[in-house]
Amino acid sequence: MRKLMTVAALGGLVAASALAGCGDGGGGSGDSLTLGFSQVGAESGWRTANTKSIQESAKQAGIDLKFSDAQGKQENQIKAIRSFITQRVDVIAFSPVVESGWETVLKEAKDADIPVILTDRAIDSPDKSLYKTFIGSDFVLEGKKAGEWLVKEYEGQDDPVNIAELQGTPGAAPANDRKAGFADVIKAEPKFKVIASQTGDFTRTGGKQVMETFLKAHPDIDVLYAHNDDMGLGAIEAIEAAGKKPGTDIKIITVDAVHDGMQALADGKINYIVECSPLLGPQLMDLAKKVNAGEEVPQRVLTEETTFTQDQAQEALPDRKY
Ligand code: AHR
């Protein structure tokens, strides 16, 4: 008898919470917020730190996070977004692998009345109504900062400066923008020549392999500009294996400032790092709560970041969180 009563009471609870679920119009129940997040993958130290920041911040904010790893493939992200729509999550956020090809799926989210937040990377659609806000860095500015350091470093020298460039994932916003920003600054001085430029896909293995081919084809590289730390770190292995001294025989500029990159900078193997912060989690959760509540949010939320010389890296390393 007692058993029967317990089952009946439980049945009542289930029915009550199902009703509460209907009321909030989303995948969560009552006041809780369900956020569907589609991550690029795990290609770099930056990405690992970014994933950690998002997962920890969701927990702290009491947000139910449905996390999906796209393993570097746009089709996986599109599938994940469609699945979030089917599950009726409250908010969708994602970091687009590439810039183009998002209109159809984002239109589906819009038609389902689920707000979208672009995180870390932008899309190239002119239709700004497809997302509520975009939180992340100014990648063009990062490329410019890298170029400005180079211009200063070679000030007063007229000899040609041969540059090799390791690009990020083809079609990704940080690859396109970091390339453009850098080119825009160095074009003012014809002595700077980009003699080799190829993708290393933002990975350490990619950076190493491409640098090996660069070194064989161009024994006269003066500078390496890598679109992220990981490719720079892979390239350092290739440079050392070729019997050259990274940071001295070949000057190296990278972007990100993750722990391993900062260590290489402090050790003199990298010469300059432009920071790109992966710690987007707390602001993302805040924005998700606001858009879910129907509050106005700015169309663009810019991340604050700095740059590091070798001395500054030595100072910053002990307190570096990632
Ligand atoms: O979109 C941010 C970039 O993606 C980081 O700079 C790079 O390391 C990552 O893979």
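Order of listing sets the numbers, starting from 1, for every ligand and every atom in it. Note that the coordinates shown come from a computational prediction; the quantities given were computed from them, not determined experimentally.
In the vicinity of Arg47, heavy-atom distances shorter than 4.0 Å reach the ligand 1 atoms 1 (O), 2 (C), 3 (C), 4 (O), 9 (C). The Pro174 neighbourhood of ligand 1 comprises atoms 1 (O), with distances under 4.0 Å to a heavy atom of that residue. Shown in contact with Arg121 at under 4.0 Å from a heavy atom are these atoms of ligand 1, numbered in order with element: 1 (O), 3 (C), 4 (O), 9 (C), 10 (O). Near Ser44, with a cut-off below 4.0 Å to any heavy atom, the atoms of ligand 1 are 7 (C), 8 (O), 9 (C), 10 (O).
For Glu142, the heavy-atom gap to ligand 1 stays at 4.0 angstrom or more. Using a 4.0 angstrom heavy-atom cutoff, Asp256 counts as in contact with ligand 1. For Asp120, the closest heavy-atom approach to ligand 1 falls below 4.0 Å.
Scanning all protein heavy atoms for the shortest distance to atom 10 (O) of ligand 1 gives Glu43 OE2, 2.5 Å.
Under the 4.0 Å criterion applied to side-chain N and carboxylate O atoms, Arg121 and Glu99 are not assigned as salt-bridge partners. Ion pairing between Lys107 and Glu103 fails under the 4.0 Å rule for side-chain N and carboxylate O. Using a 4.0 Å cut-off between a side-chain N of Lys or Arg and a carboxylate O of Asp or Glu, Lys73 and Glu43 do not qualify as a salt bridge. A salt bridge links Arg47 with Asp120: at least one charged nitrogen is closer than 4.0 Å to a carboxylate oxygen. Ion pair Glu296/Lys290 not flagged as a salt bridge, since none of the NZ, NE, NH1 or NH2 atoms sits closer than 4.0 Å to an Asp/Glu carboxylate oxygen.
Taking the six-membered ring wherever Trp is involved, the centroid distance between the rings of Tyr225 and Phe182 falls below 6.0 Å.
In terms of polar-atom proximity, Asn228 is counted as a contact of ligand 1, with an N or O under 3.5 Å from an N or O of the ligand.
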Pair Arg178-Phe139, side-chain contact (heavy atoms from CB on, under 4.5 Å): steps then yes or no: CA-CA 5 Å; Arg178 286 173 189 165; Phe139 297 135; 3.4 Å; yes
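By the criterion of a heavy-atom distance under 4.0 Å, neither the backbone nor the side chain of Glu275 is placed next to ligand 1.
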